[in-house]
2 protein chains.
Amino acid sequence: MSNRSKTIVDIAEELKLSVSTVSRALNDHPNISVKTKDRVKKMARKLGYRPNALAAGLRSNKSRTIGLVVPKISMFFPATISTIIQNKLHEVGYNLIICQSNDSYEQEVALVNALYSARVEGLAVSTTLYTTDFSHFDIFKQQNIPLVFFDRVPKDYNVKVIRGNDYMGGFEATEHLIDKGCKDIVFIGGPLTCSLYTERLSGYKAALQKHKIAFKKSRVFFHELTRENALQTCEKVFGQEPHPDGVFATNDTTAITILQYCREAGIKVPEQVKIVGYSNDPRTEIITPSITSVDQYPSTMAERIVAALMELIQAKHPAAYRHSQEIIPIQLVERDSSSSEQKKTRSTKK
Amino acid sequence: MSNRSKTIVDIAEELKLSVSTVSRALNDHPNISVKTKDRVKKMARKLGYRPNALAAGLRSNKSRTIGLVVPKISMFFPATISTIIQNKLHEVGYNLIICQSNDSYEQEVALVNALYSARVEGLAVSTTLYTTDFSHFDIFKQQNIPLVFFDRVPKDYNVKVIRGNDYMGGFEATEHLIDKGCKDIVFIGGPLTCSLYTERLSGYKAALQKHKIAFKKSRVFFHELTRENALQTCEKVFGQEPHPDGVFATNDTTAITILQYCREAGIKVPEQVKIVGYSNDPRTEIITPSITSVDQYPSTMAERIVAALMELIQAKHPAAYRHSQEIIPIQLVERDSSSSEQKKTRSTKK
DNA sequence: GTAAACTTTGCAAACGTTTGCATAAAAATT
DNA sequence: AATTTTTATGCAAACGTTTGCAAAGTTTAC
């Protein structure tokens with residue numbers, strides 16, 4: 001019993017055709033007659049033929065595969081982006097290899113190398129918090145393989161970038177708090193090695209300045225935006241008077257943690273302190289009081305990423321496209337955590 | 001300027017060695033002297049050599065890649081599973097291709113074929129809600145490629161299965177409601193084509209029976225467990241008297257929706273109706289009142305999946321392992337939505 | 001000093017495709 | 001009827017590795 005899996009050679013022999021004809025027939029090459037195509041396809045089905053993508057990729061240098069590297073696929077924003085990218089790519093016949101760096105630089109390097117080794121035709125990346133050396137991507141630039149950075153993007157690396165308007169996000173979030181009456185606003189950001197947080201910080205500063213509020217170094221904090229770190233910062237911030245009257249947390253996990261801390265500590269939100277988060281994680285809508293957050297339109301971003309990759313893959317003179325920046329607008333979603341109205345019966349969103 | 005990327009042939013020429021020696025040197029084959037290995041590796045670095053996984057995979061029939069198919073990577077449970085699988089596989093030098101079927105049977109078939117075409121060395125699958133024909137997996141069985149189903153698993157397809165104890169989950173959730181005083185418990189499940197829901201339903205029925213509560217057909221509902229469908233069911237259930245005093249929702253999105261509906265409609269949870277969800281989605285802990293849910297230990301499951309794949313890959317006589325079932329225990333996590341105590345000051349979990 | 005054993009390297013085929021070029025056959029043009 | 005054009009097919013090399021086998025070189029054993 002021949003357990004060996006069938007190849008186009010088997011089809012060719014069975015039909016007394018050459019392998020080249022079979023190959024072309026299966027790929028719907030225009031030079032092959034309809035009759036032959038039918039015969040070949042029928043025989044392929046009969047023999048249970050399965051194409052070997054490795055062989056095809058090796059020979060043609062086209063793997064029909066895209067690589068995606070994100071910090072963590074279980075976080076809301078990257079998860080949403082990944083979902084949509086995958087679906088869009090599937091529509092155009094590309095496979096996606098999703099990888100997560102776990103915010104480890106070493107893992108990112110390893111993954112990028114592995115993806116190159118797999119000869120992906122394009123790469124989309126949101127870097128770790130600590131990636132400042134981008135030389136592991138050089139090979140992609142050298143070989144002219146489409147390379148798109150999104151969300152967390154390099155600061156000084158000439159490449160295609162698609163990112164949210166983090167400056168505006170920071171600005172609007174802060175100004176919103178000011179509009180609602182805050183005068184003493186804490187900023188909690190991730191490490192400044194990461195593009196996102198420098199931008200959001202700039203926006204924060206600009207809003208303060210516009211409204212003639214002094215920037216105080218003691219009111220800004222930087223650390224990985226985990227629950228544990230957020231709690232520590234809460235201890236510092238609320239451990240001594242005067243309490244701030246507003247907190248701008250640059251991710252939603254942090255915003256949620258602060259809200260819970262305040263609830264526990266008997267600090268009323270939004271009456272005593274108002275909170276704004278970032279990313280519009282579904283949890284912000286569910287918690288009580290619901291949390292104002294900055295929506296980054298992940299689906300728009302994902303669509304743009306796929307579009308950019310496809311453009312670059314099809315481009316004849318690719319170099320031209322490579323160094324542009326696309327900025328996706330953001331939108332502040334106002335909820336109860338920053339409300340200035342009298343508290344009224346809470347209403348769930350329809 | 002030679003832009004062509006370097007191969008082991010280039011290294012061999014440079015060093016006046018044969019390609020076979022170079023290949024073996026790079027793979028740390030024991031027959032190669034340490035001295036040669038060093039020379040080869042140094043030269044590889046110098047030339048900027050990058051291995052071609054397609055070529056290696058083609059020749060050796062070992063792609064060092066695993067495929068994963070889940071319904072949707074942005075949902076809590078599959079996202080968590082994917083994250084851990086990816087990390088575990090990375091540790092042992094395997095790549096992972098994550099795919100989502102979007103609960104479409106056609107897409108599942110297409111993805112499975114693509115993964116076979118990519119010659120993955122193993123496949124882990126959680127099926128769509130509607131997969132009842134599993135013939136697209138036959139090729140993996142025929143070719144003896146490790147195949148592991150998890151969570152949503154086939155009912156009549158002889159294969160390795162790792163799943164949560166959904167029967168017990170259904171039983172404990174229901175019994176818990178009964179213990180808390182419920183006598184009229186609504187069950188909301190997904191389509192019965194999916195293994196999960198038949199099991200959970202059996203558990204529900206068993207708990208009713210044990211406590212001598214009659215099973216009423218009018219109190220069970222089946223539909224895709226989306227927010228929209230949950231709202232419709234709410235209309236039916238709460239649109240007429242008598243209201244049930246308990247609801248067992250077999251996923252957390254549904255549980256959350258019901259809670260919000262009740263809040264809106266002025267039905268007090270848990271006083272008038274108690275709610276239990278399924279999966280222990282982080283949102284259940286955050287919402288007020290927090291929702292009792294069944295934890296499925298996704299990390300344990302993910303670890304078992306990877307372990308099973310690795311065992312199967314290394315197995316000499318693979319057939320033996322193939323048809324076993326592993327059942328991961330579940331745990332009911334009690335929260336406020338099913339509490340029978342007097343309402344007291346709400347306390348956030350530490 | 002010769003045989004046996006071991007270590008290290010090389011030869012060449014193989015993996016399953018794709019593709020440039022040549023060619024045969026058929027159709028269209030003169 | 002001869003020539004050109006078009007259509008359909010085949011030949012053979014190539015993609016970059018891995019690997020069974022042979023062989024050369026070195027060490028060990030008697």
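- Within the 4.0 angstrom heavy-atom criterion, no nucleotide atom of any strand lies near B:Asn61.
- Distance, A:Asp28 CG to D:dT9 P: 14 Å, rounded to whole Å.
- Expressed to the nearest 0.5 Å, how far CD1 of A:Ile73 lies from CG of B:Leu96 amounts to 7.5 Å.
- Ring geometry for A:Tyr116 versus A:Phe140: interplanar angle over 60°, hence perpendicular rather than tilted (30 to 60°).
- Remark: A:Asp28 engages A:Lys37 in a salt bridge, criterion side-chain N to carboxylate O under 4.0 Å.
- Put simply, the side chain of A:Thr65 never gets that close to the backbone of A:Asn95: no donor and acceptor are under 3.5 Å apart.
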Do nucleotides 7-14 of chain C as a string where each nucleotide becomes B, S or -: B if the base has a protein heavy atom under 4.0 Å, S if just the sugar-phosphate does, - if no protein is that close.
-BBBBBBB

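- The distance from atom CD of A:Gln143 to atom P of D:dG16 is 11 Å, rounded to the nearest whole Å.
- One finds the CZ atom of A:Arg50 at 14.5 Å from the OG1 atom of A:Thr7 (value rounded to the nearest 0.5 Å).
- Within residues 47-57 of chain B, no residue approaches DNA chain C, by heavy-atom distance under 4.0 Å.
- Nucleic acid contact class of B:Ser23 (heavy atoms, under 4.0 Å, all strands): base.
- Side-chain contact between B:Val148 and B:Leu123 is absent, with no heavy-atom pair separated by less than 4.5 Å.
- Straight-line distance from the CG atom of B:Leu58 to the C1' atom of D:dT17: 8 Å, rounded to whole Å.
- Between A:Phe137 and A:Tyr157, the ring-plane angle classifies as tilted under the 30° and 60° cut-offs.
- Look at NZ on B:Lys35: it is 15 Å from P on D:dG25, rounded to the nearest Å.
- If you take CG of A:Leu26 and C1' of D:dT9, they are 15 Å apart, rounded to a whole angstrom.
- Other residues, nucleotides and ligands place no more than 12 heavy atoms under 6.0 Å from the CG atom of A:Asn61.
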